[in-house]
Asker: 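What follows is a structure written as structure tokens; I'll ask about it next.
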Amino acid sequence: MEAAACASRIGLAGLAVMGQNLALNIAEKGFPISVYNRTASKTEETVRRAQAEGGLPLTGHATPRDFVLSIKRPRSIVMLVKAGAPVDSLISSLVPFLEPGDAIIDGGNEWYENTERRLEDAASKGLLYLGMGVSGGEDGARNGPSLMPGGHKEAYTNVQSILSKIAAQVDDGPCVTYVGPGGAGNFVKMVHNGIEYGDMQLISEAYDILKHVGGLSNDELARVFDDWNRGELESFLIEITADIFSVPDDFNGSASGEHHLVDRILDKTGMKGTGKWTVQQAAELAIAAPTIAASLDSRYISGLKDQRVAAETALQRAGLQPGLLGGSSWIDKRRLVDDVRQALYASKICSYAQGMNLIRAKSNEKGWDLDLGELAIIWKGGCIIRARFLDRIKNAYGRNPNLANLIVDEEFAQEMVQRQAAWRRVVGLAVESGVGAPGMSASLSYFDSYRRSRLPANLVQAQRDYFGAHTYERVDKPGSFHTEWGRVAREKRGAGVPN
């Protein structure tokens with residue numbers, strides 16, 4: 001097959017908002033691009049946008065054949081469609097027109113094992129394949145996302161110059177790197193999203209405590225979060241949270257400022273599955289990820305809106321006082337704001353530590369040899385979890401690539417110790433006031449469990465040996481042991497030996 005004259009440098013299929021914006025980003029950086037969508041109106045809309053935004057070098061195509069043949073060889077085609085069956089369907093429509101050495105790049109939130117299956121199938125046809133995590137939402141796609149490609153290295157090399165230009169740019173360079181082989185790119189993006197779940201949950205708990213225990217108004221909250229975004233908590237999520245608290249409710253076109261939009265939003269959180277996958281993988285790899293798991297549980301509980309409304313009524317009938325158990329009249333707002341800032345920072349370190357440990361565990365299992373410090377760099381810009389302290393994470397793994405846990409890095413350890421008193425005050429205040437803080441509580445419990453050289457697991461193991469003869473190890477000599485606990489206890493009681 002011969003490529004058409006004036007062939008495009010790259011192609012993109014799947015023109016919902018993310019696909020359109022990424023295509024326009026590529027074209028704006030000077031790379032001629034062909035686009036295709038099964039629904040022709042989306043293709044036409046993208047072409048119109050390209051013309052309106054400066055006559056960008058973008059051409060639309062009506063059929064998979066015309067689309068593929070319009071791209072210069074070796075062809076590279078990015079797909080941005082819904083994960084699962086739609087990806088397989090799109091691939092099937094493109095493959096008949098592809099040639100050995102051409103590459104398919106899946107930019108969706110795909111399950112990493114699906115990517116590995118497709119990678120093997122592509123290789124059997126002489127094709128290359130990448131699973132590329134794309135983070136940053138529609139704005140990031142248009143102006144510079146964080147990109148996490150994994151799979152065939154040659155496929156990455158073919159488009160490295162393009163990806164380096166369209167990715168977010170930070171002091172360390174473009175926010176893209178070849179993550180690793182197989183499904184490494186999709187796995188890293190999945191864990192990124194799991195950390196994002198934890199981050200958002202922790203921020204929502206900080207908001208809940210400040211508003212409902214501390215009595216801060218939305219205007220005060222906007223100022224607090226804006227101030228936090230100038231310090232150690234500087235991040236995309238803190239920045240947008242400050243904006244959210246400043247937006248009035250202009251429903252029906254009236255923006256009187258009397259009410260804020262955030263207070264009118266139904267308290268039910270949506271999700272697309274990557275957080276659940278992260279928690280499932282943590283369980284399979286025996287990696288503790290309680291902060292991320294708590295954020296997932298919180299989303300599930302938020303979905304039980306009708307049950308929560310009924311429970312509030314039922315428990316008030318049973319004698320539970322309405323509202324909070326505590327009150328804002330006895331709260332020192334300034335101290336509370338500072339305590340919550342410190343608790344949020346310490347909790348976030350735990351959440352990132354859990355995510356990094358999960359990535360390392362999967363890397364070891366699959367032989368991916370992932371560089372955790374490099375991942376921290378590509379998350380510094382473009383992506384949802386971009387934050388100032390990712391520089392600190394990069395430096396921590398630079399000091400010790402085999403660091404067991406972020407919280408024992410010399411710098412992070414000092415910060416955790418310095419903040420633990422405020423952290424404990426915030427969690428204790430939440431409990432005392434009847435405000436759920438599952439993320440912060442889980443993070444603190446993770447810290448307290450990890451820092452102790454001896455845990456009550458000895459009793460759990462004794463119980464397991466008692467009812468299941470699972471054996472146990474001793475601290476004073478090697479080997480596995482079993483005790484007939486019930487018989488020994490009965491003999492002791494029968495002999496009148498005091499407890």
Asker: Looking only at heavy atoms, which two atoms of A23 and L58 are closest? And how far apart?
Answerer: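 Minimum heavy-atom separation between A23 and L58: CB-CD1, 4.0 Å.
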Asker: Could you go through the salt bridge (Lys or Arg N to Asp or Glu O under 4.0 Å) check for R392 and D409 one step at a time?
Answerer: CA-CA 10 Å; R392 312 285 299 285; D409 169 73; over 6 Å; no
Asker: So, the side chain of E220 versus the backbone of S217: is there a donor-acceptor pair under 3.5 Å, distance only?
Answerer: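 Here the side-chain-to-backbone pair exists.
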Asker: Does D267 have more than 12 heavy atoms from other residues, nucleotides or ligands lying within 6.0 Å of its CG?
Answerer: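 Atom CG in D267 is crowded, with more than 12 foreign heavy atoms closer than 6.0 Å.
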Asker: Output all residues satisfying side chain to side chain contact (heavy atoms under 4.5 Å, CB included) with T157, sequence neighbours left out; order by chain, then residue number.
Answerer: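 Applying side chain to side chain contact (heavy atoms under 4.5 Å, CB included) to T157 gives K153.
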Asker: Tell me, please, which residues at least two apart from F236 pass side chain to side chain contact (heavy atoms under 4.5 Å, CB included).
Answerer: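 In terms of side chain to side chain contact (heavy atoms under 4.5 Å, CB included), with neighbours along the sequence ignored, F236 is linked to I240, I384, R386.
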Asker: Taking the six-membered ring for Trp and the single ring otherwise, decide whether the centroids of Y207 and F225 are under 6.0 Å apart.
Answerer: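 Distance test on ring centres: not under 6.0 Å, no.
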Asker: Using the test side chain to side chain donor-acceptor pair (under 3.5 Å), find all partners of N186 that sit at least two apart in sequence or belong to another chain.
Answerer: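 Side chain to side chain donor-acceptor pair (under 3.5 Å) check on N186 returns T115.
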Asker: Evaluate whether atom CE of M200 has more than 12 neighbouring non-hydrogen atoms of other residues, nucleotides or ligands under 6.0 angstrom away.
Answerer: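 Count not over threshold, so no.
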Asker: Among pairs that include at least one residue of residues 39-59, which meet ring-ring contact (aromatic ring centres under 6.0 Å, His included), considering only residues two or more places apart or in two chains?
Answerer: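 Sorted result for residues 39-59: empty, none.
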Asker: Show every ring-ring contact (aromatic ring centres under 6.0 Å, His included) that has at least one partner inside residues 115-159, sequence neighbours left out.
Answerer: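 Listed once each, the pairs are Y156-Y178.
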Asker: Counting only N and O atoms by type, is there a donor-acceptor contact under 3.5 Å from the side chain of T46 to the main-chain atoms of E44?
Answerer: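 Side chain of T46 to backbone of E44, a donor-acceptor pair under 3.5 Å: no, none is there.
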Asker: Closest heavy-atom contact between A289 and A282?
Answerer: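 Closest approach of A289 to A282: CB-CB, 3.9 Å.
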Asker: Sequence neighbours excluded, which residues qualify as salt bridge (Lys or Arg N to Asp or Glu O under 4.0 Å) partners of R388?
Answerer: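 Once residues adjacent in sequence are excluded, the partners of R388 under the salt bridge (Lys or Arg N to Asp or Glu O under 4.0 Å) criterion are E234.
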Asker: Using the test side chain to side chain donor-acceptor pair (under 3.5 Å), find all partners of R223 that sit at least two apart in sequence or belong to another chain.
Answerer: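 For R223 there are no side chain to side chain donor-acceptor pair (under 3.5 Å) partners, ignoring immediate neighbours.
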Asker: Who passes side chain to side chain donor-acceptor pair (under 3.5 Å) against T291, sequence neighbours left out?
Answerer: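 Listed in chain order: Q354, S443.
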Asker: Okay, side chain of E205, backbone of M440: is any donor-acceptor separation there less than 3.5 Å?
Answerer: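 Between the backbone of M440 and the side chain of E205 there is a qualifying donor-acceptor contact (under 3.5 Å).
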Asker: Of the non-hydrogen atoms in K268 and G303, which two are nearest, and what is the gap between them?
Answerer: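 Taking K268 first and G303 second, the nearest heavy atoms are CE-O, 3.9 Å.
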Asker: Decide yes or no for L56 and I33: does some side-chain heavy atom of the first lie under 4.5 Å from some side-chain heavy atom of the second?
Answerer: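 No, every pair of side-chain atoms sits at 4.5 Å or beyond.
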Asker: Would you mind reporting whether W228 and T241 have side-chain heavy atoms less than 4.5 Å apart?
Answerer: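 T241 does not reach W228 side chain to side chain.
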Asker: Give the minimum heavy-atom separation between V68 and R75, together with the two atoms involved.
Answerer: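 Shortest heavy-atom contact: O-NE, 3.0 Å.
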Asker: Mind jotting down which residue pairs meet the ring-ring contact (aromatic ring centres under 6.0 Å, His included) criterion with at least one end in residues 19-64? Sequence neighbours excluded, please.
Answerer: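 Those involving residues 19-64 are Y36-F67.
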Asker: Would you please name every residue forming a salt bridge (Lys or Arg N to Asp or Glu O under 4.0 Å) with K366, sequence neighbours left out?
Answerer: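 Scan of K366 (salt bridge (Lys or Arg N to Asp or Glu O under 4.0 Å), adjacent residues dropped) gives E116.
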Asker: So, using side chain to side chain donor-acceptor pair (under 3.5 Å) as the criterion, who are the partners of E239 when residues are at least two apart?
Answerer: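 Result, side chain to side chain donor-acceptor pair (under 3.5 Å) vs E239: none returned.
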Asker: Over 60° means perpendicular and under 30° means parallel, so tell me whether F187 and Y112 are parallel, tilted or perpendicular.
Answerer: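 Rings of F187 and Y112: perpendicular, as their planes differ by over 60°.
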Asker: Whether the side chain of Q201 engages the backbone of G439 through a donor-acceptor N/O pair (distance < 3.5 Å, no angle test) should be reported.
Answerer: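 No: the side chain of Q201 does not pair with the backbone of G439.
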Asker: List for me each residue that meets side chain to side chain contact (heavy atoms under 4.5 Å, CB included) alongside N400, sequence neighbours excluded, and say none if there are none.
Answerer: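 Once residues adjacent in sequence are excluded, the partners of N400 under the side chain to side chain contact (heavy atoms under 4.5 Å, CB included) criterion are N402, L403.
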Asker: For R299, I'd like to know if atom CZ has over 12 heavy atoms of other residues, nucleotides or ligands within 6.0 Å.
Answerer: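 Result for CZ/R299: enclosed.
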Asker: Run the salt bridge (Lys or Arg N to Asp or Glu O under 4.0 Å) check on K394 and E374 step by step: do they pass?
Answerer: CA-CA 7 Å; K394 176 196 71 173; E374 187 75 9; over 6 Å; no
Asker: Can a donor-acceptor pair be found, under 3.5 Å and without considering hydrogens, that links the side chain of N143 to the backbone of G140?
Answerer: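 No; judged by distance alone, with no hydrogens or angles, the pair does not exist.
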Asker: S302 side chain to T269 main-chain N or O, any donor-acceptor pair under 3.5 Å?
Answerer: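 At least one qualifying donor-acceptor pair exists.
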